[in-house]
Amino acid sequence: MLVNTPPMGWNTWNTFGGKISDRLVRESADRIVESGLKDAGYEYVVIDDCWSLRTRDPKTGRIVPDPEKFPEGMKALADYIHAKGLKFGMYSCAGQRTCADYPGSFDHEYLDARTFAEWGVDFLKYDFCDHPRYIEGELLYRRMGMALRESGRDILFSACNWGSDNVWNWINSTGAHMFRSTGDIIDTPESFRQIVISQTDKLHASGAQCFNDMDMLTVGMYGKGNVGVAGCNAADYRSQFALWCLCGVPLMLGCDVRSVDEETLKLIKNKQLIAIDQDAECRQPMFLGHPERDKTLTVFRHLDGGKYALGFFNFDDRDKEMHLVFSDVGLSAASGLGFEFENVLGDLGGQYAEYVRVKVPARDCAVAVARAVRL
Ligand code: GLA
């Protein structure tokens with residue numbers, strides 16, 4: 001079994017787009033180890049689109065790594081990444097061309113899967129641009145799912161059809177280990193909030209072996225790079241990271257890990273948040289509130305070992321009082337129980353009966369791990 005908890009790693013796209021190279025990937029892998037990100041659980045180093053020449057090799061039919069960007073080829077890069085105890089990810093597309101107009105894997109699925117296996121690839125992100133309309137998207141993911149399974153190597157299949165064709169209804173059957181269920185994230189608060197809001201009724205399909213992928217994080221980008229746009233502030237990034245963890249989805253970093261600031265590093269290595277994300281039970285969270293109307297969202301999730309996670313998210317530009325009435329998550333007054341909270345982010349600690357109320361600063365969040373206690 002390849003994927004019992006949500007995959008964690010780093011991907012080139014959000015910051016670097018097409019400006020990728022062997023050197024960038026090696027330096028990032030070095031930094032993932034030195035900064036403690038590897039020890040925190042980030043293991044997949046993934047090259048996104050734009051790594052190949054514009055056409056396949058006419059003799060072999062294979063996709064060819066761009067010799068200017070990757071002069072030593074992909075096998076050498078994979079070896080370097082493996083020697084660091086990390087795993088190596090690459091990108092292709094179910095269509096004839098990738099989203100940035102490089103060769104896609106349509107009708108070359110088995111050849112490409114074998115090639116990736118020979119190079120030592122451990123993870124394949126599989127996009128959806130330029131796919132022929134006469135074949136159902138579902139069949140294209142079935143093909144690559146099967147091609148990877150038969151490639152002779154364990155390769156995590158990261159499907160990326162942006163939530164088309166109600167992907168959550170069928171993707172698990174293709175052998176995929178994670179599936180993008182939304183359009184592309186950009187580095188603004190609105191973007192990550194909309195992604196979460198759009199997924200509140202879709203996380204039932206996420207679980208061990210096949211996780212809902214809410215896209216690569218923009219945490220720590222501060223507006224720099226390919227999807228940088230306006231950027232977020234530190235409170236937004238706390239909220240984004242905590243939301244991804246409470247949703248139990250893959251944590252793929254998108255910032256430049258070589259120059260990431262200390263505050264971001266502390267956040268993305270936060271052990272309690274990562275433990276929530278990686279919880280062994282992989283449960284769907286409960287969502288309470290009306291984020292569109294009130295600009296707040298409350299998330300509650302059952303965890304392994306008799307614990308619960310609670311997050312209050314304030315999407316508004318002003319501070320807000322937020323509360324949880326315990327009976328709304330099933331802890332009725334007749335139980336004689338309350339919750340004891342261990343603070344994770346913000347100020348949410350102590351014992352409470354019936355309800356808890358907390359002040360959440362503008363755009364920020366409060367997160368705690370809870371246990372039920374007799375009061
Ligand atoms: C699509 C995907 C992105 C990224 C780009 C690359 O837009 O959704 O995550 O992989 O293609 O071109």
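Numbering starts at 1 and runs along the sequence shown. Just follow the structure's listing: the first ligand is 1, and inside any ligand the first atom is 1.
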Measure and list all N/O to N/O distances between ligand 1 and the protein that fall under 3.5 angstrom.
from, atom 1, to, atom 2, distance (Å)
ligand 1, 7 (O), Asp184, OD1, 3.4
ligand 1, 7 (O), Asp184, OD2, 2.6
ligand 1, 8 (O), Trp162, NE1, 3.0
ligand 1, 8 (O), Arg180, NH1, 3.4
ligand 1, 8 (O), Arg180, NH2, 3.1
ligand 1, 8 (O), Asp184, OD1, 2.6
ligand 1, 8 (O), Asp184, OD2, 3.4
ligand 1, 9 (O), Lys125, NZ, 2.7
ligand 1, 9 (O), Arg180, NH1, 3.1
ligand 1, 10 (O), Asp48, OD1, 2.6
ligand 1, 10 (O), Asp48, OD2, 3.4
ligand 1, 10 (O), Lys125, NZ, 3.0
ligand 1, 10 (O), Asp127, OD2, 3.4
ligand 1, 11 (O), Asp127, OD2, 2.7
ligand 1, 12 (O), Asp49, OD2, 2.7

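Every residue was checked against the side-chain hydrogen bond (donor to acceptor under 3.5 Å, both in side chains) condition with Arg293, not counting sequence neighbours, and none meets it. Residues satisfying the side-chain hydrogen bond (donor to acceptor under 3.5 Å, both in side chains) test with Asp213, not counting sequence neighbours, are none.
Here Asp256 does not pair with Arg31 in a salt bridge; the nearest charged N to carboxylate O distance is not below 4.0 Å.
For the disulfide bond (SG atoms under 2.5 Å apart) condition, the pairs that include at least one residue of residues 92-178, sequence neighbours left out, are Cys99-Cys129.
The side-chain heavy atoms of Met214 and Cys247, taken from C-beta on, include a pair separated by under 4.5 Å.
You'll find the ring centres of Tyr141 and Phe128 inside the 6.0 Å limit.
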